[in-house]
Each structure stands twice: as C-alpha cells, then as structure tokens.
Amino acid sequence: MSRPVVGIISNSHMINDDYHVYGAGALNVQALSDVSGTLPLIVPVDPEKASVDELMQTCDGFFFPGGRPNVHPEEYGEETTDAHGTHERNRDRITLPLIRACVTRGQPFLGVCLGFQEVNVAMGGSLYPEIRDLPGRDNHRMPPDGTLEEKFALRHEVTLTEGGPFHQLFGAPKVMTNTLHGQGIKVPGSRVVIDGHAPDGTPEAIYIKDAPGFTMSVQWHPEWNAEADPVSRPLFTAFGDACRAWASGALRKAG
C-alpha cells in the first residue's frame, strides 16, 4: 500500500543573499517518513503557486513546522512591534486558511512550534510576542550556544490534562520536552483546547474541540530524536495513523 502523502509547509530562505528557496528541516522529513510512515512532500509557501484546494486534493495530511518568522500580528488584530520579530506573509496566506479548511473537513494535521501558534491564530486566537518578557515566565528560547544535542535537550515538564487526549496518547500526566520558542498563546482561539502547560503556565499542547480529524499541536520540537523519544514517537505514530485513515477514505466517509 502506498504511503499517505504529508505536505510539509516550507520556510522561505535566501542562499548567498540572492537565490530564493523553499526548504524543510531534515529532522521533520525523517520523523514523518521513519516514525509516521508517511511520504513527506515540501509545500512552497506561495499561494499563487499552490492553492489550499489543490494542496488538500494532493495531500492526505499536513505538517506545520517551526521556523524563524512569526505569524504577522495583523492576523490577530495587533500592531507590529520590534518584539514581534520577522514575518513571512506568504506562509500566513497558506497556513491559516489551510488549517481552517482541515478543521472543517477533518483532514489531519500536526502543528509544531510556529505551526502550533499558527493553529491558534487560524482559529481566532492571539499571541504574546515574547514569552520571556512576561512576569513570572521563563525563557523558552533556544540556547544561543552549544551543540544541537544541547540546544534540543529536554528542559522542562509539560503537565497534561488528566484523562485528556495527550495524557491518553503519552500514557503519563507529565512529560519532559525541549523548548525553543519565543512567542506563545495569549488568548486561545475558538475551540482551541489547551491540554498541556509548562511549569510557568505557558500553553504547550492543544487540539481543536469537536474537530472530526487529528488536530494535535505542540509548542516544543518533537522531531528531535523522534524515533527514540517516548513522547515524540507516539505523537508522530498517531499522526501517521490518522493520515492512513484519511488516505483509506475511512475518515472522509465518516465526515
């Protein structure tokens, strides 16, 4: 049986300051291929080259990864400040309507870091531009120095809602995760259920209430060590199972 196709939303980059490329992290590709058992395809973030309808017809599921840009604050009704960082408006124009369409249709998706934030904004929520500037909050950003192993090391617990979907998936009420983000959820979007928090109260795990498909999203980076990590592996496996169900037509018929 052919593997289900997962569209990885790309990030826009310049090589040598003059050659434009759309890229995706190799760790994301590996996690989707080796753990989810899906066929990853990179989606260019250009709505004129790849429409939401075309993407949904081509892919069985979608992966919204992390990235350097942030969701533009205009998308949640706020003025731009220096704290909001850089933006990629074409990514906003692809991801936000695509997330809403997937929620409605029941097509599975998994959001990570920036993708987690995109899910919240797509559903009408807002973001804090810089978590570490809030009273009582920790610095969740990637350590500026060290090896990749040190940057992606497990750094804090996430406490999950007792009996919630993430608790059921991981088999534990608390899990250890890495943390490499600057922004975070301010106001949850419509139907966004916060199902896990960091020790300082920062939302870390969400899903969409009453959505017919897989909508789990996390603020951490589960793609690191995905095959061996006891938290990452079940998350990517469950996402792969949801994509296979969609590809088989079972979820489409149910929805």
**Complete:** Across all chains, not counting sequence neighbours, the side chain to side chain contact (heavy atoms under 4.5 Å, CB included) partners of Ser10 are Tyr22, Ile42, Val45
**Item:** Ile208-Phe214 co-clustered via ILVMFWY side chain contacts under 4.5 Å
**Value:** no
**Request:** Would you check if the side chain of Asn16 reaches a backbone N or O of Asp18 as a donor-acceptor pair within less than 3.5 Å?
**Result:** no
**Request:** For side-chain contact (heavy atoms from CB on, under 4.5 Å), just list the numbers for Ile185 and Phe116, CA-CA rounded to whole Å, side-chain angles, deciding distance to a tenth of an Å, and then say yes or no.
**Result:** CA-CA 9 Å; Ile185 290 179; Phe116 168 97; 3.6 Å; yes
**SB check Glu150 Arg155 (cutoff 4.0 Å)** = no
**Item:** Common cluster, Phe64/Leu110, ILVMFWY with side-chain heavy-atom separation under 4.5 Å
**Value:** no
**Complete:** Between Val175 and Val231, the two heavy atoms sitting closest are CB-CG2, 3.5 Å
**Asked** Quick one: does Phe239's side chain get under 4.5 Å of Val6's, heavy atoms only?
**Response** yes
**Steps toward salt bridge (charged side-chain N to carboxylate O under 4.0 Å, His left out) verdict (Glu75, Arg89)** = CA-CA 10 Å; Glu75 297 291 351; Arg89 294 303 270 137; 2.9 Å; yes
**Item:** Nearest-0.5 Å distance that lies between atom CZ in Arg132 and atom NE2 in His181
**Value:** 11.5 Å
**Prompt:** Any side-chain heavy atom of Val71 sitting closer than 4.5 Å to one from Leu127?
**Reply:** yes
**Prompt:** Between Glu204 and Ile194, is there a donor-acceptor pair closer than 3.5 Å when you use the side chain of the first and the backbone of the second?
**Reply:** no
**Request:** Kindly determine whether Val103 and Arg191 satisfy side-chain contact (heavy atoms from CB on, under 4.5 Å), including the steps that lead there.
**Result:** CA-CA 10 Å; Val103 169; Arg191 299 169 57 195; 4.0 Å; yes
**Message:** Closer than 3.5 angstrom, by distance alone: can the side chain of Ser232 be matched with the main-chain N or O of Ala226 as a donor-acceptor pair?
**Reply:** no
**Item:** Gap between atom CD1 of Ile94 and atom CD of Glu118 - 0.5 Å precision
**Value:** 11.0 Å
**Message:** Working note: Thr202 + His197, criterion side-chain hydrogen bond (donor to acceptor under 3.5 Å, both in side chains); need CA distance, chi angles, decisive distance, verdict.
**Reply:** CA-CA 5 Å; Thr202 298; His197 294 84; over 6 Å; no
**Request:** Compare all side-chain heavy atoms of Val119 with those of Thr215 and state whether any distance is below 4.5 angstrom.
**Result:** no
**Message:** How long is the straight-line distance from NE2 of His72 back to CG of Leu96, given to the nearest 0.5 Å?
**Reply:** 12.0 Å
**Asked** For residues Asn11 and Arg68, is any side-chain donor paired with an opposing acceptor at under 3.5 Å?
**Response** no
**Asked** Does any non-hydrogen side-chain atom of Met216 lie less than 4.5 Å from one of Leu169?
**Response** yes
**Message:** Treating Gln107 as the side-chain partner and Met56 as the backbone partner, does any N or O pair qualify as donor plus acceptor under 3.5 Å?
**Reply:** yes
**Item:** Short side-chain donor-acceptor distance under 3.5 Å, Asp53 and Ser51
**Value:** no
**Prompt:** Are Phe109 and Phe63 close enough that their ring centres sit under 6.0 Å apart?
**Reply:** no
**Message:** For residues Met123 and Val193: do they belong to one hydrophobic cluster (side chain heavy atoms under 4.5 Å, members Ile, Leu, Val, Met, Phe, Trp, Tyr)?
**Reply:** no
**Prompt:** Nearest heavy-atom pair of Leu160 and Ala172: which atoms, and what distance?
**Reply:** CD1-O, 3.4 Å
**Request:** Any chance you could measure Leu114, atom CG, to Gln183, atom CD, to the nearest 0.5 Å?
**Result:** 8.5 Å
**Asked** Of the options Leu27, Val112, Ile8, which is the one that meets Pro65 in a side-chain contact (heavy atoms from CB on, under 4.5 Å)?
**Response** Ile8
**Message:** Please find the pair of heavy atoms, one from Cys113 and one from Gly66, that lie closest to each other, and give the distance.
**Reply:** CB-CA, 4.0 Å
**Request:** Evaluate the side-chain proximity of Val218 to Leu235: yes if any heavy-atom separation is below 4.5 Å, no if none is.
**Result:** yes
**Asked** Quick one: are Arg233 and Glu227 in side-chain contact, heavy atoms under 4.5 Å?
**Response** yes
**Asked** If you measure from CZ on Phe236 to CG on Asp229, what distance do you get to the nearest 0.5 Å?
**Response** 10.0 Å
**Asked** Do His140 and His156 have ring centroids that are under 6.0 Å from one another?
**Response** yes
**Prompt:** Are the charged groups of Glu88 and Arg93 less than 4.0 angstrom apart, N to O?
**Reply:** no
**Message:** Applying side-chain contact (heavy atoms from CB on, under 4.5 Å) to Phe166 and Val158, what does each step give before you reach the verdict?
**Reply:** CA-CA 10 Å; Phe166 282 91; Val158 172; over 6 Å; no
**Request:** Give a yes or no answer on whether the side chain of Asp200 reaches the backbone of Asp138 with a donor-acceptor pair at less than 3.5 Å.
**Result:** yes
**Message:** Less than 4.5 Å apart, side chain to side chain, heavy atoms only: is that true for Arg3 and Ser36?
**Reply:** no
**Prompt:** With a cut-off of 6.0 Å (strictly less than), are more than 12 heavy atoms of other residues, nucleotides or ligands near CD of Glu79?
**Reply:** no
**Request:** Please name the pair of heavy atoms, one in Arg91 and one in Gly115, separated by the smallest distance, quoted to 0.1 Å.
**Result:** NH2-N, 4.1 Å
**Message:** Before you tell me yes or no, could you show the steps for Val5 and Thr38 under side-chain contact (heavy atoms from CB on, under 4.5 Å), namely the whole-Å CA-CA distance, both residues' side-chain angles and the distance that decides it to 0.1 Å?
**Reply:** CA-CA 6 Å; Val5 176; Thr38 61; over 6 Å; no
**Asked** Trp220 and Leu180: same hydrophobic cluster, using ILVMFWY side-chain contacts below 4.5 Å?
**Response** no
**Prompt:** Where is the tightest heavy-atom contact between Asn70 and Asp92, given as atom of each residue plus distance?
**Reply:** O-OD1, 4.5 Å
**Message:** Working to the nearest 0.5 angstrom, can you tell me the gap between Asn28 CG and Trp224 CH2?
**Reply:** 12.5 Å
**Asked** Would a 4.5 Å heavy-atom cut-off, applied to side chains only, mark Asp60 and Pro108 as touching?
**Response** no
**Request:** Mark yes or no for whether Asp195, through its side chain, and Ala205, through its backbone, hold a donor-acceptor pair below 3.5 Å.
**Result:** no
**Message:** Looking at every heavy atom in both Leu55 and Phe62, which two are closest together, and how far apart are they?
**Reply:** O-CZ, 3.4 Å
